[in-house]
Number of protein chains: 2
Amino acid sequence: MDRIDRKLLNLLQRDASRTNAALADLVGLSPSTCLRRVRRLFASGVIAKVVAILDPAKVGKGLKAIVSVELKSHGEQEMRHFLDLAKAEPAVAQAYAVTGETDVVLILRLADMDEFDAFCERVFRDRTNVARFYTMLVIRTAKDETALAL
Amino acid sequence: MDRIDRKLLNLLQRDASRTNAALADLVGLSPSTCLRRVRRLFASGVIAKVVAILDPAKVGKGLKAIVSVELKSHGEQEMRHFLDLAKAEPAVAQAYAVTGETDVVLILRLADMDEFDAFCERVFRDRTNVARFYTMLVIRTAKDETALAL
DNA sequence: GCCGCGAATGCAATATTATTGCATGAAAGT
DNA sequence: ACTTTCATGCAATAATATTGCATTCGCGGC
(Lines give C-alpha, C1' and ligand atoms only; values in the text may rest on other atoms or scores of the structure.)
Protein backbone atom coordinates (compact mmCIF):
# COMPACT_ATOMS: atom_id res chain seq x y z
CA MET A 1 0.00 0.00 0.00
CA ASP A 2 2.14 2.82 -1.27
CA ARG A 3 1.35 6.33 -2.35
CA ILE A 4 -0.03 5.19 -5.71
CA ASP A 5 -2.42 2.71 -4.15
CA ARG A 6 -3.75 5.46 -1.93
CA LYS A 7 -4.18 7.68 -4.94
CA LEU A 8 -6.07 4.92 -6.72
CA LEU A 9 -8.32 4.39 -3.72
CA ASN A 10 -9.07 8.07 -3.45
CA LEU A 11 -10.00 8.23 -7.11
CA LEU A 12 -12.09 5.07 -7.03
CA GLN A 13 -13.93 6.16 -3.90
CA ARG A 14 -15.18 9.21 -5.78
CA ASP A 15 -15.75 7.65 -9.19
CA ALA A 16 -15.36 4.01 -9.99
CA SER A 17 -16.97 4.30 -13.41
CA ARG A 18 -13.79 5.50 -15.06
CA THR A 19 -12.09 3.27 -17.58
CA ASN A 20 -8.92 1.61 -16.49
CA ALA A 21 -7.00 3.59 -19.09
CA ALA A 22 -8.26 6.89 -17.67
CA LEU A 23 -7.39 5.77 -14.18
CA ALA A 24 -3.92 4.68 -15.26
CA ASP A 25 -3.38 8.07 -16.81
CA LEU A 26 -4.42 9.90 -13.63
CA VAL A 27 -1.92 8.01 -11.50
CA GLY A 28 0.80 7.87 -14.14
CA LEU A 29 0.96 4.13 -14.72
CA SER A 30 0.45 1.91 -17.73
CA PRO A 31 -3.05 0.41 -18.02
CA SER A 32 -1.89 -3.11 -17.30
CA THR A 33 -0.01 -2.20 -14.14
CA CYS A 34 -2.86 -0.02 -12.99
CA LEU A 35 -5.36 -2.78 -13.49
CA ARG A 36 -3.20 -5.24 -11.61
CA ARG A 37 -3.06 -2.87 -8.65
CA VAL A 38 -6.78 -2.33 -8.62
CA ARG A 39 -7.42 -6.04 -8.79
CA ARG A 40 -5.01 -6.61 -5.94
CA LEU A 41 -6.84 -4.03 -3.82
CA PHE A 42 -10.05 -5.88 -4.62
CA ALA A 43 -8.67 -9.30 -3.88
CA SER A 44 -7.16 -8.19 -0.57
CA GLY A 45 -10.51 -6.78 0.52
CA VAL A 46 -9.32 -3.20 0.86
CA ILE A 47 -11.93 -2.42 -1.76
CA ALA A 48 -14.97 -4.14 -0.30
CA LYS A 49 -17.29 -3.54 -3.22
CA VAL A 50 -18.27 -1.24 -6.03
CA VAL A 51 -21.78 0.14 -5.90
CA ALA A 52 -24.12 2.61 -7.54
CA ILE A 53 -25.19 5.56 -5.39
CA LEU A 54 -28.70 6.84 -6.11
CA ASP A 55 -30.10 10.31 -5.74
CA PRO A 56 -32.52 9.98 -2.78
CA ALA A 57 -34.80 12.75 -4.01
CA LYS A 58 -35.16 11.15 -7.43
CA VAL A 59 -36.32 7.81 -6.04
CA GLY A 60 -38.72 9.28 -3.49
CA LYS A 61 -36.62 8.90 -0.38
CA GLY A 62 -36.04 12.55 0.40
CA LEU A 63 -36.62 12.39 4.14
CA LYS A 64 -33.78 11.52 6.47
CA ALA A 65 -34.05 10.98 10.22
CA ILE A 66 -31.64 10.13 12.99
CA VAL A 67 -33.18 8.32 15.92
CA SER A 68 -31.47 7.48 19.18
CA VAL A 69 -33.04 4.69 21.16
CA GLU A 70 -32.85 3.74 24.80
CA LEU A 71 -33.75 0.15 25.59
CA LYS A 72 -35.56 -0.97 28.75
CA SER A 73 -33.25 -3.87 29.21
CA HIS A 74 -29.63 -3.47 28.22
CA GLY A 75 -28.47 -7.09 28.08
CA GLU A 76 -26.73 -8.61 25.12
CA GLN A 77 -29.75 -10.71 24.17
CA GLU A 78 -32.13 -7.76 24.12
CA MET A 79 -29.65 -5.59 22.28
CA ARG A 80 -29.15 -8.20 19.59
CA HIS A 81 -32.86 -8.73 19.28
CA PHE A 82 -33.57 -5.06 18.76
CA LEU A 83 -30.75 -4.66 16.25
CA ASP A 84 -32.08 -7.61 14.27
CA LEU A 85 -35.49 -6.00 14.26
CA ALA A 86 -34.02 -2.72 13.02
CA LYS A 87 -31.84 -4.43 10.46
CA ALA A 88 -34.85 -6.05 8.88
CA GLU A 89 -36.46 -2.66 8.22
CA PRO A 90 -35.78 -1.37 4.71
CA ALA A 91 -35.94 2.23 5.93
CA VAL A 92 -32.96 1.67 8.24
CA ALA A 93 -29.84 2.67 6.36
CA GLN A 94 -27.50 2.48 9.33
CA ALA A 95 -27.89 0.90 12.78
CA TYR A 96 -25.30 1.26 15.53
CA ALA A 97 -24.95 0.15 19.10
CA VAL A 98 -23.31 3.07 20.87
CA THR A 99 -21.88 4.31 24.14
CA GLY A 100 -23.64 7.03 26.12
CA GLU A 101 -27.11 7.64 27.50
CA THR A 102 -28.81 5.85 24.64
CA ASP A 103 -28.10 2.37 23.36
CA VAL A 104 -28.77 2.46 19.65
CA VAL A 105 -28.66 5.05 16.89
CA LEU A 106 -30.60 4.50 13.68
CA ILE A 107 -30.33 6.47 10.48
CA LEU A 108 -33.46 6.28 8.40
CA ARG A 109 -34.26 7.09 4.80
CA LEU A 110 -37.93 7.56 4.17
CA ALA A 111 -40.40 8.86 1.65
CA ASP A 112 -42.40 11.06 4.02
CA MET A 113 -43.80 11.48 7.52
CA ASP A 114 -46.47 8.87 6.99
CA GLU A 115 -43.77 6.33 6.40
CA PHE A 116 -41.97 7.53 9.51
CA ASP A 117 -45.13 7.23 11.54
CA ALA A 118 -45.68 3.67 10.34
CA PHE A 119 -42.06 2.86 11.08
CA CYS A 120 -42.31 4.10 14.67
CA GLU A 121 -45.50 2.21 15.22
CA ARG A 122 -43.86 -0.96 14.04
CA VAL A 123 -40.45 -0.69 15.67
CA PHE A 124 -40.95 1.38 18.82
CA ARG A 125 -44.49 0.89 20.07
CA ASP A 126 -45.03 -2.79 19.59
CA ARG A 127 -44.17 -5.44 22.09
CA THR A 128 -40.57 -4.30 22.06
CA ASN A 129 -37.97 -3.42 24.52
CA VAL A 130 -37.83 0.32 23.84
CA ALA A 131 -37.86 2.61 26.89
CA ARG A 132 -37.72 5.86 24.90
CA PHE A 133 -36.56 7.20 21.58
CA TYR A 134 -35.49 10.60 20.39
CA THR A 135 -35.97 11.72 16.81
CA MET A 136 -33.89 14.23 14.91
CA LEU A 137 -35.10 15.05 11.42
CA VAL A 138 -32.42 16.12 9.00
CA ILE A 139 -32.97 19.69 7.87
CA ARG A 140 -29.85 20.07 5.78
CA THR A 141 -27.25 17.61 4.60
CA ALA A 142 -23.94 19.41 4.62
CA LYS A 143 -21.86 16.35 3.86
CA ASP A 144 -22.66 12.75 3.02
CA GLU A 145 -19.54 10.91 1.93
CA THR A 146 -19.01 7.26 1.30
CA ALA A 147 -15.30 7.94 0.87
CA LEU A 148 -12.84 7.41 3.68
CA ALA A 149 -10.06 9.93 4.10
CA LEU A 150 -6.70 8.27 3.62
CA MET B 1 -39.18 3.78 -14.08
CA ASP B 2 -40.85 0.41 -14.25
CA ARG B 3 -40.30 -2.81 -12.38
CA ILE B 4 -37.20 -3.67 -14.39
CA ASP B 5 -35.53 -0.33 -13.70
CA ARG B 6 -36.10 -0.85 -10.00
CA LYS B 7 -34.61 -4.32 -10.28
CA LEU B 8 -31.59 -2.87 -12.04
CA LEU B 9 -31.17 -0.21 -9.38
CA ASN B 10 -31.40 -2.77 -6.60
CA LEU B 11 -28.75 -4.90 -8.25
CA LEU B 12 -26.43 -2.01 -9.02
CA GLN B 13 -26.74 -0.60 -5.52
CA ARG B 14 -25.32 -3.85 -4.16
CA ASP B 15 -22.78 -4.60 -6.88
CA ALA B 16 -21.98 -2.33 -9.77
CA SER B 17 -18.93 -4.31 -10.83
CA ARG B 18 -20.95 -6.86 -12.77
CA THR B 19 -20.63 -6.96 -16.52
CA ASN B 20 -23.54 -5.64 -18.51
CA ALA B 21 -24.16 -9.11 -19.90
CA ALA B 22 -24.49 -10.57 -16.39
CA LEU B 23 -26.81 -7.75 -15.38
CA ALA B 24 -28.91 -8.24 -18.50
CA ASP B 25 -29.21 -11.91 -17.68
CA LEU B 26 -30.35 -11.21 -14.11
CA VAL B 27 -33.18 -8.96 -15.24
CA GLY B 28 -34.04 -10.97 -18.33
CA LEU B 29 -33.16 -8.45 -21.01
CA SER B 30 -30.76 -8.44 -23.92
CA PRO B 31 -27.40 -6.78 -23.20
CA SER B 32 -28.07 -3.85 -25.49
CA THR B 33 -31.44 -3.03 -23.98
CA CYS B 34 -30.08 -3.47 -20.50
CA LEU B 35 -27.19 -1.13 -21.18
CA ARG B 36 -29.49 1.48 -22.62
CA ARG B 37 -31.61 1.39 -19.49
CA VAL B 38 -28.62 1.73 -17.20
CA ARG B 39 -27.30 4.62 -19.23
CA ARG B 40 -30.67 6.30 -19.08
CA LEU B 41 -30.73 5.94 -15.29
CA PHE B 42 -27.28 7.51 -15.23
CA ALA B 43 -28.15 10.34 -17.56
CA SER B 44 -31.32 11.19 -15.67
CA GLY B 45 -29.37 11.42 -12.43
CA VAL B 46 -31.23 8.63 -10.66
CA ILE B 47 -27.85 6.94 -10.43
CA ALA B 48 -25.75 9.75 -9.01
CA LYS B 49 -22.41 7.98 -9.21
CA VAL B 50 -20.58 4.69 -9.00
CA VAL B 51 -18.01 4.38 -6.25
CA ALA B 52 -15.68 1.94 -4.55
CA ILE B 53 -16.49 1.16 -0.91
CA LEU B 54 -13.44 0.42 1.23
CA ASP B 55 -13.14 -1.75 4.30
CA PRO B 56 -12.60 0.76 7.13
CA ALA B 57 -10.61 -1.68 9.24
CA LYS B 58 -8.21 -2.43 6.40
CA VAL B 59 -7.32 1.20 5.83
CA GLY B 60 -6.92 2.08 9.50
CA LYS B 61 -10.24 3.85 10.08
CA GLY B 62 -11.82 1.39 12.44
CA LEU B 63 -13.25 3.88 14.92
CA LYS B 64 -16.65 5.39 14.32
CA ALA B 65 -18.27 8.12 16.40
CA ILE B 66 -21.56 9.98 16.31
CA VAL B 67 -21.45 13.46 17.80
CA SER B 68 -24.40 15.73 18.37
CA VAL B 69 -23.57 19.40 18.71
CA GLU B 70 -25.43 22.30 20.24
CA LEU B 71 -24.40 25.72 19.03
CA LYS B 72 -24.32 28.83 21.17
CA SER B 73 -25.92 30.91 18.52
CA HIS B 74 -28.49 29.28 16.29
CA GLY B 75 -28.68 31.79 13.43
CA GLU B 76 -28.31 30.84 9.79
CA GLN B 77 -24.88 32.47 9.53
CA GLU B 78 -23.45 30.62 12.51
CA MET B 79 -24.96 27.36 11.42
CA ARG B 80 -23.48 27.64 7.96
CA HIS B 81 -20.13 28.60 9.39
CA PHE B 82 -19.99 25.58 11.65
CA LEU B 83 -21.11 23.21 8.91
CA ASP B 84 -18.40 24.55 6.62
CA LEU B 85 -15.86 23.97 9.36
CA ALA B 86 -17.08 20.40 9.81
CA LYS B 87 -17.24 19.75 6.10
CA ALA B 88 -13.59 20.63 5.74
CA GLU B 89 -12.58 17.94 8.22
CA PRO B 90 -11.55 14.69 6.52
CA ALA B 91 -12.77 12.67 9.51
CA VAL B 92 -16.33 13.92 9.02
CA ALA B 93 -18.15 11.40 6.86
CA GLN B 94 -21.59 12.89 7.35
CA ALA B 95 -22.75 16.26 8.68
CA TYR B 96 -26.41 17.12 9.21
CA ALA B 97 -28.34 20.09 10.51
CA VAL B 98 -31.18 18.57 12.48
CA THR B 99 -34.33 19.32 14.48
CA GLY B 100 -34.42 18.74 18.24
CA GLU B 101 -32.36 19.76 21.23
CA THR B 102 -29.13 19.78 19.32
CA ASP B 103 -28.37 21.55 16.06
CA VAL B 104 -25.90 19.37 14.23
CA VAL B 105 -25.07 15.68 14.06
CA LEU B 106 -21.68 14.54 12.80
CA ILE B 107 -20.63 11.04 11.91
CA LEU B 108 -16.91 10.55 12.16
CA ARG B 109 -14.53 7.90 10.89
CA LEU B 110 -11.24 7.88 12.68
CA ALA B 111 -8.14 5.83 13.23
CA ASP B 112 -8.14 5.96 17.04
CA MET B 113 -8.87 8.03 20.14
CA ASP B 114 -5.87 10.25 19.63
CA GLU B 115 -7.30 11.32 16.33
CA PHE B 116 -10.65 11.91 18.01
CA ASP B 117 -9.02 14.00 20.69
CA ALA B 118 -7.25 16.11 18.11
CA PHE B 119 -10.48 16.50 16.18
CA CYS B 120 -12.38 17.76 19.24
CA GLU B 121 -9.64 20.17 20.08
CA ARG B 122 -9.79 21.58 16.59
CA VAL B 123 -13.52 21.70 15.98
CA PHE B 124 -15.14 22.11 19.40
CA ARG B 125 -12.76 23.91 21.69
CA ASP B 126 -11.32 26.57 19.47
CA ARG B 127 -12.81 29.96 18.88
CA THR B 128 -16.02 28.34 17.72
CA ASN B 129 -19.64 28.64 18.42
CA VAL B 130 -20.12 25.33 20.19
CA ALA B 131 -22.14 25.36 23.41
CA ARG B 132 -21.84 21.66 24.13
CA PHE B 133 -21.36 18.39 22.31
CA TYR B 134 -22.28 14.84 23.08
CA THR B 135 -20.25 11.91 21.83
CA MET B 136 -21.48 8.41 21.11
CA LEU B 137 -18.83 5.90 20.15
CA VAL B 138 -20.00 3.10 17.91
CA ILE B 139 -19.64 -0.23 19.67
CA ARG B 140 -21.23 -2.40 17.02
CA THR B 141 -22.30 -1.72 13.46
CA ALA B 142 -25.43 -3.75 12.84
CA LYS B 143 -26.15 -2.24 9.45
CA ASP B 144 -24.35 0.18 7.19
CA GLU B 145 -26.02 0.34 3.80
CA THR B 146 -25.42 2.68 0.94
CA ALA B 147 -28.42 1.18 -0.83
CA LEU B 148 -31.82 2.81 -0.73
CA ALA B 149 -34.84 0.56 -0.40
CA LEU B 150 -37.06 0.90 -3.44
C1' DG C 1 29.86 -2.37 -3.29
C1' DC C 2 28.15 -6.15 -5.99
C1' DC C 3 25.14 -9.89 -6.96
C1' DG C 4 20.98 -12.35 -7.20
C1' DC C 5 16.18 -12.75 -6.18
C1' DG C 6 11.39 -11.49 -6.27
C1' DA C 7 8.19 -8.20 -7.39
C1' DA C 8 6.58 -4.59 -10.28
C1' DT C 9 6.47 -2.53 -14.74
C1' DG C 10 5.36 -1.55 -19.84
C1' DC C 11 4.44 -3.33 -24.33
C1' DA C 12 1.93 -5.82 -27.50
C1' DA C 13 -1.19 -9.51 -28.65
C1' DT C 14 -5.63 -11.43 -27.39
C1' DA C 15 -9.97 -11.98 -25.27
C1' DT C 16 -13.99 -9.69 -23.25
C1' DT C 17 -17.09 -6.35 -23.03
C1' DA C 18 -19.53 -2.25 -24.33
C1' DT C 19 -21.74 0.24 -27.96
C1' DT C 20 -24.26 1.40 -32.22
C1' DG C 21 -27.21 0.78 -36.56
C1' DC C 22 -31.00 -1.28 -37.96
C1' DA C 23 -35.25 -3.72 -38.45
C1' DT C 24 -39.17 -5.53 -35.82
C1' DG C 25 -42.96 -5.39 -32.67
C1' DA C 26 -45.89 -3.46 -29.13
C1' DA C 27 -48.55 0.31 -27.10
C1' DA C 28 -51.01 4.97 -27.21
C1' DG C 29 -53.32 8.40 -29.26
C1' DT C 30 -56.18 10.10 -33.43
C1' DA D 1 -57.81 0.92 -38.50
C1' DC D 2 -53.71 4.00 -39.01
C1' DT D 3 -49.93 6.57 -37.68
C1' DT D 4 -46.46 7.78 -34.45
C1' DT D 5 -43.48 6.77 -30.84
C1' DC D 6 -40.72 4.04 -28.23
C1' DA D 7 -38.55 -0.12 -26.50
C1' DT D 8 -36.57 -4.30 -27.92
C1' DG D 9 -33.18 -7.93 -29.86
C1' DC D 10 -29.75 -9.11 -33.17
C1' DA D 11 -25.52 -8.64 -35.27
C1' DA D 12 -21.53 -5.88 -36.54
C1' DT D 13 -18.17 -2.78 -34.66
C1' DA D 14 -15.56 -0.24 -31.42
C1' DA D 15 -13.68 0.13 -27.01
C1' DT D 16 -11.77 -1.89 -23.05
C1' DA D 17 -9.86 -5.30 -20.09
C1' DT D 18 -6.64 -8.98 -19.64
C1' DT D 19 -2.57 -11.93 -20.25
C1' DG D 20 2.28 -13.52 -21.67
C1' DC D 21 6.61 -11.99 -21.79
C1' DA D 22 10.89 -9.49 -21.52
C1' DT D 23 12.86 -5.76 -18.83
C1' DT D 24 13.73 -3.05 -14.93
C1' DC D 25 13.61 -1.83 -10.16
C1' DG D 26 14.31 -2.29 -5.30
C1' DC D 27 16.27 -4.75 -1.62
C1' DG D 28 18.71 -8.11 1.42
C1' DG D 29 22.58 -11.14 1.58
C1' DC D 30 27.27 -11.83 0.61
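Chain identifiers are assigned alphabetically (A, B, ...) following the order of the sequence lines, protein sequences preceding nucleic acid strands; residue numbering begins at 1 within each chain.
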Could you state the atom-to-atom distance from [atom1] of [X] to [atom2] of [N] in whole Å?
| X | N | atom1 | atom2 | value |
| --- | --- | --- | --- | --- |
| Leu23(A) | dG10(C) | CG | P | 13 Å |
| Asp5(A) | dT9(C) | CG | C1' | 14 Å |
| Asp25(A) | dA17(D) | CG | P | 13 Å |
| Leu29(A) | dC11(C) | CG | C1' | 14 Å |
| Arg37(B) | dG9(D) | CZ | C1' | 13 Å |
| Leu8(A) | dT9(C) | CG | C1' | 14 Å |

Note: [X]-[Y] ion pair, threshold 4.0 Å (strictly below):
| X | Y | result |
| --- | --- | --- |
| Glu115(B) | Arg109(B) | no |
| Glu76(A) | Arg140(B) | yes |
| Arg37(A) | Asp2(A) | yes |

Exercise for the section: Using side chain to side chain donor-acceptor pair (under 3.5 Å) as the criterion, list what pairs up with Arg39(A), not counting sequence neighbours. Expected result: none
Handout entry: Polar side-chain atom of Lys58(A) near backbone of Ile47(B) as donor-acceptor pair, under 3.5 Å
Key =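 Checking the backbone N and O of Ile47(B) against the side chain of Lys58(A), no donor-acceptor pair under 3.5 Å is found.
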Tabulated below should be each protein N or O lying under 3.5 Å from an N or O of nucleotides 18-22 of chain C; please produce it.
from: dA18(C); atom 1: OP1; to: Asn20(B); atom 2: N; distance (Å): 2.9
from: dA18(C); atom 1: OP2; to: Asn20(B); atom 2: N; distance (Å): 3.0
from: dT19(C); atom 1: OP1; to: Arg39(B); atom 2: NH1; distance (Å): 3.4

Exercise for the section: Considering non-hydrogen atoms only, spot the tightest contact between Thr141(B) and Lys64(B) and give its length. Expected result: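 Scanning both residues completely, I find the closest heavy atoms to be OG1-NZ, 3.0 Å.
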